[in-house]
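Below is one structure; the comments refer to it alone.
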Amino acid sequence: MAKRQLTPRALLRLPLTFYDRPALEVSRELVGKCLVRRNESHEWTGRIVEVEAYIGEDDPACHAYHGLTPRTRVMYGPPGHAYVYFTYGMYFMLNVVVHAEGSPAAILIRALEPVSGFEELEDPRPASGPGKLCKNMQIDKSLNGVSLLSRQLWIGQRPGMKEKLEIRWSSRIGIREGTNRLWRAYLFGNPFVSRKSNPGDPTSPSEPDPASGGLYQFRAKK
DNA sequence: GTGAAGATCGCC
DNA sequence: GCGATCTTCACG
């Protein structure tokens, strides 16, 4: 008998309650879960190995830093939905909206370890990088605001999986402000993580940076 | 209406 | 290290 494969069929979809929690808590637990994207003709599955949290109106790197705008409307909405935006004139970015409605917070999916659906691509790391994975999984703005309990885009886990993962935290990549907050979580040593931590980062900690704003709550506005 | 920046990526 | 490429938003 062929060895058992990790197919979407073997995954249980994460419930809404998974997303309805503080962002760093969800970030930590998203690592290791599987993202599934399905359209009319294809299905892709990848294991999440790298994410970044963008939290609240006092996080200078978060799009909600300037408050509610047409673009950030989804971030202010209920958890468990996709926030997809366009940047640099050519790339889409996929985020997961988390925490309570009215508390803008999103988690950027930065890298996946391919599980299935990427076989025809030549790129050995077709989902390492937030822009790249959206391009290769045909994720664009038409998915902005869709529920992550839908069948075209969802996140699941294998039942009974309780493996211990070595997750480390670093500052977020590609931002100019808010670099003091260690809100990037990644699977240590995994070759599909998009890139090494920034030089000059604090030594990779095993916990998110408590001094940067509190582990599980929003920082008070000043 | 206009200008500047941007949660990137691949090539020089 | 740099340019591509165009949406979004702040500002006037």
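Order of the sequence lines sets the chain letters (A, B, ...), proteins ahead of strands, with each chain counted from 1.
Distance, R195(A) CZ to dC9(B) P: 9 Å, rounded to whole Å. The separation between Y85(A) atom OH and dC9(C) atom C1' is 14 Å, rounded to whole Å. Distance, M75(A) CE to dA7(B) C1': 11 Å, rounded to whole Å. With rounding to whole Å, D140(A) atom CG is found 15 Å from dC6(C) atom P. Between the P atom of dA7(B) and the CD1 atom of I55(A) lies a distance of 16 Å, rounded to the nearest Å. Rounded to an integer number of Å, the gap from CG of L94(A) to C1' of dA7(B) is 12 Å. Between R71(A) atom CZ and dA10(C) atom C1' there is a gap of 12 Å when expressed in whole angstrom units. Following rounding to the nearest Å, F92(A) (CZ) and dT5(C) (P) show an atom-to-atom distance of 15 Å.
Distance from the side chain of K141(A) is smallest for dT7(C) among the nucleotides dA7(B), dT7(C), dC9(B). Listed candidates were dA10(C), dT8(C), dA7(B). Nearest to the side chain of Y83(A) is dA7(B). Here the side chain of F86(A) is nearest to one of dC6(C), dA7(B), dT5(C), namely dC6(C). The listed nucleotides are dG10(B), dA7(B), dT8(C); the one nearest the side chain of K132(A) is dG10(B). Taking every side-chain heavy atom of P130(A) into account, dC9(B) is the closest of dC9(C), dC9(B), dA7(B).
Atom name P, nucleotides dC2(C) and dA5(B): the rounded distance is 16 Å, in whole Å.
Results of the side chain to side chain contact (heavy atoms under 4.5 Å, CB included) test with Y83(A) over V96(A), L143(A), V97(A) single out V97(A) as the only residue that passes.
Among the protein residues, L108(A) comes within range of the nucleic acid bases, having at least one heavy atom under 4.0 Å from a base atom. Heavy atoms of M90(A) sit under 4.0 angstrom from at least one base atom. If you check every strand for non-hydrogen atoms under 4.0 Å, K135(A) touches nothing. Looking at heavy-atom distances under 4.0 Å, G131(A) makes contact with sugar-phosphate atoms alone, never a base.
Checked against salt bridge (charged side-chain N to carboxylate O under 4.0 Å, His left out), R13(A) has no partners two or more places apart in sequence or in another chain.
Salt-bridge check for R172(A) with D59(A): passed, with a basic side-chain N closer than 4.0 Å to an acidic carboxylate O. One finds no salt bridge joining R125(A) and E50(A) here, because no Lys/Arg side-chain nitrogen approaches an Asp/Glu carboxylate oxygen to under 4.0 Å.
The cationic group of R110(A) does not satisfy the cation-pi geometry with Y186(A), failing either the under 6.0 Å distance to the six-membered ring centre or the 45° limit from the ring axis.
Both key distances under 3.5 Å define a Watson-Crick or G-U pair, and stretches of 3 or more such consecutive pairs in DNA chain B run B:1-6 with C:6-11, B:8-11 with C:1-4.
Each of Y88(A) and G67(A) was assigned the nucleotide of DNA chain C with the nearest heavy atom; the assignment lying further toward the 5' end belongs to Y88(A). Of the residues near DNA chain C, G89(A) and H66(A), the one whose nearest nucleotide (by heavy atom distance) lies more toward the 5' end is G89(A).
Between F18(A) and E29(A) the shortest side-chain heavy-atom distance falls below 4.5 Å. With contacts defined as side-chain heavy-atom distances shorter than 4.5 Å, the pair Y19(A)/L148(A) qualifies.
A sub-4.0 Å separation between OP1 or OP2 of dT8(C) and a side-chain N or O of H63(A) is absent. Under 4.0 angstrom from either OP1 or OP2 of dA7(B) there lies no side-chain N or O belonging to R176(A). Contact annotation: T87(A) side-chain N/O to dT7(C) OP1/OP2 distance is not under 4.0 Å.
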Please list every donor-acceptor pair under 3.5 Å in which a side-chain atom of residues 66-75 of chain A meets a protein atom from a residue at least two apart or in another chain.
from: T69(A); atom 1: OG1; to: R71(A); atom 2: N; distance (Å): 3.4
from: T69(A); atom 1: OG1; to: T72(A); atom 2: N; distance (Å): 3.3
from: T69(A); atom 1: OG1; to: T72(A); atom 2: OG1; distance (Å): 3.3
from: T72(A); atom 1: OG1; to: G67(A); atom 2: O; distance (Å): 3.2
from: T72(A); atom 1: OG1; to: T69(A); atom 2: N; distance (Å): 2.9
from: T72(A); atom 1: OG1; to: T69(A); atom 2: O; distance (Å): 3.3

